[in-house]
Colleague: 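So that we are looking at the same thing, I have put the structure below in structure tokens.
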Amino acid sequence: MKEKKSDKAKRLLIAEDLKGALGIYKTFPLGFTKEEKRAIEIAYESLIGRAGFYQRLGIDTTAIITQ
């Protein structure tokens, strides 16, 4: 039986693989508010090396990742 995306994301969080879990959560079409979805996307993008872009826009990426 194939593992569900939500179960895989939970497993990755438990394994402290935040980047992997956020990569899955950002693809979920439902279950998050618009603000939560945006925070997940920014946190994921920051973890894959694009934090500088958001920081230049005045976004505190560290605060978003640690929320």
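The first residue in the sequence is number 1, and the count goes up from there.
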Colleague: Mind jotting down which residue pairs meet the salt bridge (Lys or Arg N to Asp or Glu O under 4.0 Å) criterion with at least one end in residues 45-55? Sequence neighbours excluded, please.
Modeller: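 Matches after skipping sequence neighbours: Glu45-Arg50.
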Colleague: Ile42 and side-chain contact (heavy atoms from CB on, under 4.5 Å): which single residue from Leu22, Ile65, Ile64 fits?
Modeller: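 The passing option is Ile64.
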Colleague: Looking at residues at least two apart in the chain, or sitting in another chain, which of them share a ring pair (Phe, Tyr, Trp, His ring centres under 6.0 Å) with Phe53?
Modeller: none
Colleague: Listed by chain and number, what are the side-chain contact (heavy atoms from CB on, under 4.5 Å) partners of Lys19, not counting sequence neighbours?
Modeller: Asp17, Tyr44, Leu47, Ile48
Colleague: Strictly by salt bridge (Lys or Arg N to Asp or Glu O under 4.0 Å), give each pair with a member in residues 25-38 just once, sequence neighbours left out.
Modeller: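 Salt bridge (Lys or Arg N to Asp or Glu O under 4.0 Å) check on residues 25-38 returns Arg38-Glu41.
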Colleague: Are Leu18 and Ile59 in one and the same hydrophobic cluster, where Ile, Leu, Val, Met, Phe, Trp and Tyr link if side-chain heavy atoms are under 4.5 Å apart?
Modeller: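 Unlinked, Leu18 and Ile59 end up in two clusters.
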Colleague: Considering residues at least two apart in sequence or located in another chain, which fulfil the side-chain contact (heavy atoms from CB on, under 4.5 Å) criterion with Ser6?
Modeller: Lys4, Phe28
Colleague: Scan residues 53-67 for pairs that pass side-chain hydrogen bond (donor to acceptor under 3.5 Å, both in side chains), counting only residues two or more places apart or in two chains.
Modeller: Gln55-Thr61
Colleague: State which residues pass side-chain hydrogen bond (donor to acceptor under 3.5 Å, both in side chains) with Glu3; sequence neighbours excluded, sorted by chain then number.
Modeller: Arg11
Colleague: Of all heavy-atom pairs between Ala21 and Ala9, which one has the smallest distance, and what is that distance?
Modeller: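 Distance-wise, the nearest heavy atoms are CB-O, 3.6 Å.
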Colleague: Counting only heavy atoms not in Lys5, do more than 12 sit closer than 6.0 Å to its NZ atom?
Modeller: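 Result for NZ/Lys5: enclosed.
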